[in-house]
**Student:** 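Right, I'll just put the structure down here and ask away after.
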Amino acid sequence: MVTAIVHINAEVDRIPEVAQTIAEIDGVSEVYSITGEYDLMAMVRVSAYEEIAEVIPGRINKVAGVLRTETHIAFRTYSRHDLDAAFSIGLGESD
């Protein structure tokens, strides 16, 4: 599983609408409203790196009201959420 953390700047008067639209995109597992330089943070979880291009520049960046994104790719997982998901799809099993 590939995880990307996407920081998003949105038009201020459209933040709730932008967040809801992004949350409905396949591959987006969560969207948070946050404090600081960015308005929203989306967690993108896909099975292959190639899918990142489909989800982030292909869909998230095209949502009306999105002004800017910054993407960080996770290279190691320490979260219980990701570990449980990996084992449930068989990544921890040997053939």
Side-chain angles (χ1 to χ4, degrees):
M1 176 177 293
V2 180
T3 301
I5 300 96
V6 184
H7 292 101
I8 303 160
N9 279 126
E11 294 176 11
V12 175
D13 59 339
R14 299 184 76 182
I15 291 172
E17 172 190 343
V18 169
Q20 186 60 46
T21 301
I22 291 170
E24 294 170 1
I25 294 173
D26 286 340
V28 175
S29 61
E30 301 118 272
V31 177
Y32 300 95
S33 92
I34 58 173
T35 62
E37 183 180 343
Y38 295 94
D39 304 306
L40 301 168
M41 182 180 72
M43 299 299 293
V44 174
R45 301 174 199 279
V46 293
S47 58
Y49 284 103
E50 295 78 20
E51 294 176 66
I52 294 290
E54 296 170 24
V55 175
I56 299 168
R59 306 227 21 231
I60 291 175
N61 286 351
K62 293 180 179 177
V63 170
V66 169
L67 301 174
R68 175 177 174 246
T69 63
E70 180 177 292
T71 302
H72 302 267
I73 305 294
F75 56 87
R76 185 167 289 156
T77 299
Y78 298 97
S79 162
R80 197 79 188 130
H81 176 274
D82 285 342
L83 292 173
D84 289 344
F87 285 110
S88 72
I89 60 173
L91 294 179
E93 300 172 10
S94 59
D95 292 323

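Each residue takes its place number in the sequence, starting with 1.
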**Student:** Counting N and O atoms only, with roles assigned by atom type, does the side chain of Asn9 sit under 3.5 Å from a partner on the main chain of Leu67, one being a donor and the other an acceptor?
**Tutor:** no
**Student:** Does the side chain of Ile34 reach to within under 4.5 Å of the side chain of Asp39, using non-hydrogen atoms?
**Tutor:** no
**Student:** Considering only heavy atoms from C-beta outward, does the side chain of Asn61 approach that of Val63 to under 4.5 Å?
**Tutor:** no
**Student:** Is there a path of hydrophobic side-chain contacts, each under 4.5 Å between heavy atoms of I, L, V, M, F, W or Y residues, that connects Ile5 with Leu40?
**Tutor:** no
**Student:** Given side chain to side chain contact (heavy atoms under 4.5 Å, CB included), test Val44 with Thr3 step by step and report yes or no.
**Tutor:** CA-CA 6 Å; Val44 174; Thr3 301; over 6 Å; no
**Student:** What pairs meet the salt bridge (charged side-chain N to carboxylate O under 4.0 Å, His left out) rule with one or both residues in residues 48-58, with sequence neighbours excluded?
**Tutor:** none
**Student:** Do the side chains of Val6 and Glu70 get nearer than 4.5 Å, heavy atoms only?
**Tutor:** no
**Student:** For Gly27 and Val46, work out which heavy atoms get closest and say how close.
**Tutor:** CA-CG1, 4.2 Å
**Student:** Does any part of the side chain of Val55, heavy atoms only, come nearer than 4.5 Å to the side chain of Ile60, both counted from C-beta?
**Tutor:** yes
**Student:** Would you check if Met43 and Val28 make a side-chain contact, meaning some heavy-atom pair closer than 4.5 Å?
**Tutor:** no
**Student:** Taking side-chain hydrogen bond (donor to acceptor under 3.5 Å, both in side chains) as the definition, give me every residue that meets it alongside Thr71, ordered by chain and number, with sequence neighbours left out.
**Tutor:**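 Partners of Thr71 by the side-chain hydrogen bond (donor to acceptor under 3.5 Å, both in side chains) criterion come out as none, since no residue qualifies.
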**Student:** Could you tell me which residues satisfy ring-ring contact (aromatic ring centres under 6.0 Å, His included) with Tyr38, sequence neighbours excluded, listed by chain and number?
**Tutor:** His7
**Student:** What residues, two or more places apart in sequence or in another chain, satisfy side-chain hydrogen bond (donor to acceptor under 3.5 Å, both in side chains) together with Glu11?
**Tutor:**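 With neighbours one apart ignored, the set is empty.
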**Student:** Quick test of your reading: applying ring-ring contact (aromatic ring centres under 6.0 Å, His included), list the pairs with at least one residue in residues 16-36, sequence neighbours left out, ordered by first then second residue.
**Tutor:** none
**Student:** Look up atom CD1 in Ile25 and atom CD in Gln20, then write down how far apart they are to the nearest 0.5 Å.
**Tutor:** 11.0 Å
**Student:** Write down the atom of Ile8, the atom of Ala42, and the distance for their closest heavy-atom approach.
**Tutor:** CD1-CB, 4.0 Å
**Student:** Considering all heavy atoms of both residues, which atom of Ala10 and which atom of Ile15 are nearest to each other, and what is their separation?
**Tutor:** CB-CG1, 4.1 Å
**Student:** For Glu17, check salt bridge (charged side-chain N to carboxylate O under 4.0 Å, His left out) against everything at least two apart and list the hits.
**Tutor:**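 Here the qualifying residues are Arg14.
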**Student:** Listed by chain and number, what are the side-chain contact (heavy atoms from CB on, under 4.5 Å) partners of Phe75, not counting sequence neighbours?
**Tutor:**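 Per chain and number, Phe75 pairs via side-chain contact (heavy atoms from CB on, under 4.5 Å) with no residue.
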**Student:** Using the rule given for side chain to side chain contact (heavy atoms under 4.5 Å, CB included), can you reason through Ile22 versus Val66, listing the C-alpha separation, both sets of side-chain angles and the distance that settles it, and then say yes or no?
**Tutor:** CA-CA 10 Å; Ile22 291 170; Val66 169; 4.1 Å; yes
**Student:** Taking salt bridge (charged side-chain N to carboxylate O under 4.0 Å, His left out) as the definition, give me every residue that meets it alongside Glu37, ordered by chain and number, with sequence neighbours left out.
**Tutor:** Arg68
**Student:** Identify, with sequence neighbours excluded, every residue that meets side-chain contact (heavy atoms from CB on, under 4.5 Å) alongside Ala23.
**Tutor:** Val31
